[in-house]
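I have placed the structure first, in the form of structure tokens, so that the comments after it can refer back to it.
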Amino acid sequence: MEKSFEPRPIESKWYARWEAGDVFRSSGHGEPYCILLPPPNVTGTLHMGHAFQQTVMDMLIRYQRMRGMNTLWQVGTDHAGIATQKIVENQLAAEQRTRHDLGREPFVDRVWQWKEESGSTITNQMRRLGVAADWSRERFTMDEGLSDAVRKVFVEWYRAGLIYRGNRLVNWDPVLGTAVSDLEVNNVERDGHMWSIRYPVTDGDESIVVATTRPETMLGDVAVAVHPEDERYQHLIGKTLTLPLSGRQIPVIADDYVDKDFGTGCVKITPAHDFNDYAIGQRHKLAPIEIFTLDAKVNANAPAKYQGMDRYDARKAVLADLEAAGLLVETKPHKLQVPVSQRSDAVIEPMLTDQWFVDLTSDKGRQAITEPALDAVRSGEIKFVPENWTTTYTQWLENIQDWCISRQLWWGHRIPAWYDEAGNIFVGEDEADARKHATIAPVGALKQDDDVLDTWFSSALWPFSTLGWPANGPVKNERGEVVAHWEIDKIFLPSAVLVTGFDIIFFWVARMVMATKYFTGKVPFREVYINAIVRDAEGQKMSKSKGNTLDPLDLIDGIELEPLVTKSTKSLLIPQVREKVEKRIRKDYPQGIPAIGTDALRFTFAALASYSRTINFDIKRAEGYKAFCNKLWNAARFVLMNVEEAGTGERGTGNVPATEAERWILTRLKQTLTEVEQHFVTYRFDLLAQALYEFVWNEYCDWFLELSKPALNGDDAAAAASTRHTLLVVLETVLRALHPIIPFITEEIWQSVAPRLGIEADGILQRPWPKASEIPADEAATAEIEWFKNVLSGIRRIRAEMNIPPGKAIPLLLADGDATDRARSGKFAAQICFLARVDAPQWIASGTDEPAAAAAVVGSMRVLIPLAGLIDLGAEKARLGKEIGKIESEIKKCENKLGNANFVANAPAEVVAQERQRIADWGTQLTALREQLQKLG
RNA sequence: GGGCGCUUAGCUCAGCGGUAGAGCGUCGCCCUUACAAGGCGAGGGUCGUAGGUUCGAUCCCUACAGCGCCCACCA
């Protein structure tokens, strides 16, 4: 083995072998255990969130596979409608062209082409992470099979009356030219203004002042509303106002929606461009007046002067004209919530358009789709981890609106609806099917709907569409390989756990539950593990414009400063931002990013994965875990070196390990494994990683390996042979336990270790998960080793504090103590001498004179290092004094507790007993320490 | 406005009813034959504030303060 751990060659070697050996495919036996990969954007690249999430899934899959489950990690990618279309449109923009210049079909071809080019990027990056995914079953949301599922779902829901088409006010993105759902809109606080505008009453001298943040929309006002009980305006209700600038006559209406105490208490009503106003308009049967075109310019319904103006230019013009007319009463700064399109950053303009919706709110929709999705979680059939996300899920569903599923895009699943020349709608899986199911005869030719479905529509079907639904037989990919077979694969539904971010609970999780429940009658998954969001070391959200993003691949492979700067600033167009980012990177990574390897990255993710909802990723921490990998590597190197010539040893007589140390490490291993199993159940990967880290470093390496050295080199051949064997056994076992977290290094080491134990398996993943129950425990050995550790630590402390060079051999005396101490000191003499670098321990008979010495106390035994020329008497006295002080204060605390009658009466007996034991133990030590202090004079 | 988090060592975080922990950082001493990506040792916290429950509270309850996230129609 190399002297230190070099991840790169190991990673590439093993992933290639695993994939070639087809080791990730479902075994076909055992209990089904399925995880659905949240399909990433097909043309995307891997970011830290993916890497974290996929590490979690991979740990679960590898663990369950080793436990003998029939695992399936269903992978694939999403066509990501808007996101992908936008990338290609940007590419066209660089050629000074738009998608309309190309036309629909050539454009879609071009997107497919881009998908072919970049579609493997992210899946290859996933391979670098080491994911044990069944690549033979990789799917894409626009696969033939998945598209069949989309059409079938649409048609069935339509025929059940659960999908409808309607002219509704929707969130319109004027830049992308499409409707988006409520979820795709973010409300952002912006600095704006509140303008007060005077609307004159048509008959008479009175007027009403309305307040608005969007004065330009007054061109589409159809009324002014006041509160029905507002005394100030009672007499005006029902009167008519002359709408300034356009001169239209509009009524004053009364509606509860109005807050008397806000602003002037008068609200202008623009039903065509505001959701609240739309509702009020409907209540009062006022026809909306649209004033914008789909690209947010003023249309022909407005006075000629404003027509063709962009909405913000129109605002300026309107304000100027109001000002000139003396109707602008007040302008004041105002913070407001602006709806912004998530995808384009454009300010959303509510628009009246024809769109398709899934009915989630009528009695029928609720009963068929919404309620079952709620019940699945309320009943506990689906559990969220951490549990409090349940509230988020249920509250959203309880307040849900109908889902707008049509998008005015070209990339996606085209809506399977056709229109005849009279505008009648015909829905079917294809045109023929639509005609077959027609209830009236089509007028003239049929033309398919131009729109496509929301990306999340197909994602909602992922839990069953990837398993072959709705095909009756095997589903093949373009190379003719079978990728799914519903009749067989439905055993994987429900999947075991969905690992995903909270940001898509609404977008995806809830909708999968809706669709899967409806079409299969089953829940899509039993548990939903909501993973934390990855942030930078300071807790800031990672964003390209801040320059604090990390590319997981850069952490794995490392990257020099200059390439990192180039890469991070490449896509930044604003010079100031670019400069800022460059500065930050030069400051944060003056040496670039060191290569830490996949295993260390994965271990870091595991170690950070508590139930906290954010994790702050600190490279420092990752470097620490690389050190852990190196530690493991070197421990293995030590073990292998020692078994190389001397043989692999054998168990002690009667299959009982010969030494206390062995029995102790096995006991600790058993405890660790028990703990790890529990942490897998509760998804506490942080505790899991920590338990294994501590076992490997603090117990196996720090103590067992050290203890093995005197045993291996000692005179007792049986002890040496048994120790060699135990070194190997514990190593092999812990490698298996670590494999789900750090697959590469464990495989590499395991391949060298396993043969020495006569284990025949192709790889570590094919070995069973180590069962705690199969490992013997020995509590007595644990007590012995604890004693030994105390003695050694005592000596080391004296050495360190008295500045005795570690290499210098010194005498060791033991005093007082009991028979157990004497027996143990004999048993561990060789180990003590070797590890503490002391001469053979000598017992001092009680009553005899002792040389002045520095002391440590273990129970009632004093461990003495004679002072002669080594130790400063004053310093040692001070040290003892301090120690005594500490113990005295501990004793005081115990005494206070035990002196409290209420404590003794009310606390559980075992707690009281424990407290008594403590006071006794402290007392023993205190006596010994005081005696020692006294001996020093 | 509703909901959900967080506040523990210099930093990042575990712990969540009975002796305050880890990693990183800091400070000593060591290139000791697995590992200097290492070893040994040390220092460092009145567990956000104030009440309450309890024999006992970092942990449970209430209020408050600060930070953060999600949802929501206040023009």
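So you know, we letter chains A, B, ... as the sequences are listed, proteins then strands, and number each from 1. For the numbers below, each heavy atom of this structure counts, side chains included, while hydrogens, waters and symmetry mates do not.
- Nearest to the side-chain atoms of A/Lys626 among the listed nucleotides B/rA37, B/rA42, B/rA34 stands B/rA37.
- Across the protein-nucleic acid pair, A/Leu898 atom CG and B/rC55 atom P stand 17 Å apart, rounded to whole Å.
- At whole-Å resolution of the value, CH2 in A/Trp396 and P in B/rC71 are 11 Å apart.
- The residues A/Asp230 and A/Arg232 are annotated as salt-bridged, a charged nitrogen and a carboxylate oxygen being separated by less than 4.0 angstrom.
- Ranking B/rA14, B/rG38, B/rG3 by closeness to the A/Gln395 side chain, first place goes to B/rG3.
- Within the 4.0 Å cut-off from OP1 or OP2 of B/rA42, at least one side-chain nitrogen or oxygen of A/Arg797 is found.
- Closest approach to the A/Lys886 side chain among B/rG5, B/rG43, B/rA75 is made by B/rG43 (side chain taken as heavy atoms from C-beta onward).
- Taking the side-chain contact (heavy atoms from CB on, under 4.5 Å) definition, one finds that A/Phe506 meets it with A/Leu183, A/Thr392, A/Trp396, sequence neighbours left out.
- Using a 4.0 Å heavy-atom cutoff across all strands shown, A/Cys701 reaches at least one base atom of the nucleic acid.
- Base contact: A/Asn630 has a heavy atom under 4.0 Å from a base atom.
- Under the side-chain contact (heavy atoms from CB on, under 4.5 Å) criterion, A/Ala661 pairs with A/Thr659, A/Phe704, A/Leu707, A/Ile785, not counting sequence neighbours.
- Between the side chain of A/Arg879 and the backbone N or O of A/Ala855 there is at least one donor-acceptor pair closer than 3.5 Å.
- Nucleic acid contact for A/Phe628: none, since no nucleic acid atom lies under 4.0 Å from a heavy atom of the residue.
- Evaluation of the side-chain contact (heavy atoms from CB on, under 4.5 Å) rule for A/Val258 yields A/Ala225, A/His227, A/Val267 as partners, not counting sequence neighbours.
- Atom-to-atom, CZ of A/Arg535 to P of B/rC67 comes out at 15 Å; the value is rounded to the nearest Å.
- We find that CD1 of A/Ile533 is positioned 16 Å from P of B/rC6, with the value rounded to whole Å.
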task = Output, in order, the C-alpha distance, side-chain angles, deciding distance and verdict of side chain to side chain donor-acceptor pair (under 3.5 Å) for A/Glu675 and A/Thr672.
result = CA-CA 5 Å; A/Glu675 219 181 301; A/Thr672 304; 5.4 Å; no

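- Contact annotation for A/Thr614: no contact, since no heavy-atom pair falls under 4.0 Å across all strands.
- At a threshold of 4.0 angstrom between heavy atoms, the contacts of A/Phe275 with the nucleic acid are absent.
- With hydrogens and angles ignored, the 3.5 Å screen pairs no side-chain donor or acceptor of A/Thr217 with any backbone N or O of A/Thr270.
- Remark: the backbone N or O of A/Asp557 is paired with a side-chain donor or acceptor of A/Arg8 at under 3.5 angstrom.
- One interatomic measurement links the two molecules: CZ of A/Arg796 to P of B/rG39, which rounds to 11 Å at whole-angstrom precision.
- A/His193 pairs by the ring pair (Phe, Tyr, Trp, His ring centres under 6.0 Å) definition with A/Trp195, not counting sequence neighbours.
- You'll find that the side chain of A/Ser610 is closest to B/rA14, out of B/rA14, B/rC55, B/rA75.
- B/rG15 and B/rU7 are spaced 10 Å apart, taking the P atom of each and rounding to whole Å.
- Checking B/rG41, B/rA34, B/rA37 against every side-chain atom of A/Leu705, the shortest atom distance belongs to B/rA34.
- With hydrogens and angles left out, the side-chain atoms of A/Asn630 and A/Ser4 include no donor and acceptor closer than 3.5 Å.
- Contact between the side-chain N/O atoms of A/Arg916 and the OP1/OP2 oxygens of B/rU19 is not found at any separation under 4.0 Å.
- Considering only the side chain of A/Gln914, B/rU19 comes nearest among B/rA75, B/rG41, B/rU19.
- When rounded to the nearest whole Å, the span between CD1 of A/Ile348 and C1' of B/rA72 equals 17 Å.
- Within 4.0 Å of A/Ser4, counting heavy atoms only, lies at least one base atom of the nucleic acid.
- A/Glu387 comes within contact range of no nucleotide atom at all, as no heavy-atom separation falls under 4.0 Å.
- Counting non-hydrogen atoms under 4.0 angstrom, A/Glu623 reaches nothing in the nucleic acid.
- Separating the C1' atom of B/rA50 from that of B/rA75 is a span of 41 Å, rounded to the nearest Å.
- A/Val258 comes within contact range of at least one nucleobase, with a heavy-atom separation under 4.0 Å.
- Comparing B/rC35, B/rA75, B/rC55 against the side chain of A/Asn900 picks out B/rC55 as the nearest.
- The side chain of A/Asn906 sits closest to B/rC55 out of B/rG38, B/rU19, B/rC55.
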message = Run A/Glu786 and A/Asn790 through side chain to side chain donor-acceptor pair (under 3.5 Å) and show every step you take.
response = CA-CA 6 Å; A/Glu786 283 312 310; A/Asn790 285 335; 5.4 Å; no

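- Considering only the side chain of A/Trp922, B/rU19 comes nearest among B/rU19, B/rC74, B/rC35.
- Of the two residues contacting RNA chain B, namely A/Phe506 and A/Tyr611, the nearest-nucleotide position lying further toward the 5' end is that of A/Tyr611.
- In this structure, A/Ala905 reaches neither bases nor backbone, as no heavy-atom distance under 4.0 Å exists between it and the strands shown.
- A/Asn713 has its CG atom 13 Å from the C1' atom of B/rA34, to the nearest Å.
- Using a cut-off of 4.0 Å between Lys/Arg side-chain N and Asp/Glu carboxylate O, A/Arg918 and A/Glu890 are scored as salt-bridged.
- Using a 4.0 Å heavy-atom criterion, one finds that A/Gly265 contacts the bases of the nucleic acid, with or without backbone contacts as well.
- With B/rC40, B/rC35, B/rU19 as the choices, the nucleotide that has an atom nearest any side-chain atom of A/Arg918 turns out to be B/rU19.
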query = Which dot-bracket notation, 5' to 3', represents the base pairing of RNA chain B when pairs are defined as Watson-Crick or G-U with both distances under 3.5 Å, crossing pairs as [ ], and inter-strand pairs as |?
reply = ((((((((.[[[[.)..(..]]]].(((((.......))))).....[[[[[..)....]]]]])))))))....

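- When rounded to the nearest whole Å, the span between CZ of A/Arg613 and P of B/rC67 equals 17 Å.
- Between A/Ala636 and A/Lys335, the one whose closest nucleotide on RNA chain B sits nearer the 5' end is A/Ala636.
- Geometric assessment of A/Lys709 against the ring of A/Phe638 yields a positive cation-pi assignment under the 6.0 Å and 45° thresholds.
- Contact annotation: A/Asn642 side-chain N/O to B/rA34 OP1/OP2 distance is not under 4.0 Å.
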ask   = Reading nucleotides 23-33 of chain B from the 5' end, what letters show protein touch, with B for base, S for backbone sugar-phosphate only, - for no heavy atom under 4.0 Å?
value = -S-------S-

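- The residue A/Arg879 sits apart from the nucleic acid: no heavy atom pair falls under 4.0 Å.
- Taking only side-chain nitrogens and oxygens, A/Lys893 never comes nearer than 4.0 Å to OP1 or OP2 of B/rG18.
- No donor-acceptor contact under 3.5 Å links the side chain of A/Gln401 to the base of B/rA72.
- On the P atoms, B/rG23 is 12 Å away from B/rC40, given to the nearest whole Å.
- Contact check on A/Glu706 versus A/Lys789 returns no salt bridge, with no Lys/Arg side-chain nitrogen under 4.0 Å from an Asp/Glu carboxylate oxygen.
- Under 4.0 angstrom from either OP1 or OP2 of B/rG38 there lies no side-chain N or O belonging to A/Lys631.
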